[in-house]
Undergrad: 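Dropping the structure in here first, questions after.
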Amino acid sequence: MPVNEEYFKKVEEAFDFLKEKAPFSPEIVITLGTGLSELVREVKALARFPYSHIPHFPISTVETHAGELLFGELEGKKLAILRGRFHFYEGYSAKELTFPLRVLTLFSPKIYIVSNAAGGLNLDFEMGDLMLIKDHINLIPDNPLRGKNKDEWGPRFPDLSEAYSKRLRELMKEVAEKEGVRLREGVYVAVPGPSLETPAETRFLRIIGADAVGMSTVPEVIVAVHAGMEVLGISVISNVNDPDNFKPILFSEVVRESKKAEKKLGRLIRAFLRELKV
Ligand code: HPA
């Protein structure tokens, strides 16, 4: 069987498994990034599925990412939360690492909310800032849509002119202002990793127009847009990289800084969900 047919079949098998057991069809899917699981504690959980119990789900190799799919409610919204994500640097292809999201798109959810930890390239940014993603640059040498297209899932050549919904960004800006949270806005560039950037690479990424750099999110956003979802993306700026005054980037610091910002992010997403019309 061609590789793609096998992928399509696996996605459908995982969906069939979940459809039978899920308490509802989620209207919103959320992926939480490094150190950003705070929100989960506030969600009224109705069902939990360890990734290892779902047919064909990948298993995370990064300790900071728990592998669990949660169905729950918050602020009256029906959510599916992917706790734990997969990265290109772990050795997964973009298709493999977006498998869980692709499965969930078969429920026809309307909105995808994604967070990540990222390095700040814009020198106006400070550690612990939150950045609304307004656009992205994909430098991961892969695309989750590569290979045969399944037309029922989305178009062969999806338009990414507004990958990050203007409506959702405007709403999030209003919410942040009301909540008194400083929210930056910028372009996120995804790199393959796992090694961090050199000073010269950092300079390059700034020149090509990026405000923050990370190793995730873009493959998922491509799948979400392909499936017709509106996307909201937020980066937690866990470190700021100045090519002319470069400091070592320690992963332990990235995790620590993300943890510090997670309360703020959780509060913001909760207030956003309250205001949101799906
Ligand atoms: N570079 C790439 N990925 C990251 C960084 C960084 O500086 N910080 C958090 N994730």
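When a ligand or atom number is given, it counts from 1 through the structure's own listing order.
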Undergrad: Going by the rule ring-ring contact (aromatic ring centres under 6.0 Å, His included), which residues pair with Y164 if we only count those two or more places apart in sequence or in a different chain?
TA: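 Here the qualifying residues are H136.
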Undergrad: What pairs with F17 under ring-ring contact (aromatic ring centres under 6.0 Å, His included), at least two apart in sequence or on another chain?
TA: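 F17: no ring-ring contact (aromatic ring centres under 6.0 Å, His included) contacts found.
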Undergrad: Atom NZ of residue position K110 - does it have more than 12 heavy atoms of other residues, nucleotides or ligands inside 6.0 Å?
TA: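 Check fails, neighbour count at 12 or below.
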Undergrad: Can you list everything that forms a side chain to side chain donor-acceptor pair (under 3.5 Å) with D129? Sequence neighbours excluded, please.
TA: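 Applying side chain to side chain donor-acceptor pair (under 3.5 Å) to D129 gives R182, R184.
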Undergrad: Quick one: is the NZ or CZ of K95 closer than 6.0 Å to the six-membered ring centre of Y7, and within 45° of its axis?
TA: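 Yes, K95 sits over the ring of Y7.
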Undergrad: Protein residues near ligand 1, heavy-atom distance below 4.0 Å?
TA: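 Its neighbours under 4.0 Å (heavy atoms only) are A117, A118, G119, L196, E197, V213, G214, M215, S238, N239, N241, I249, V254, given by chain and number.
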Undergrad: Taking M127 as the starting point, is it possible to reach L121 by hopping between hydrophobic residues whose side chains are less than 4.5 Å apart?
TA: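 L121 and M127: separate clusters.
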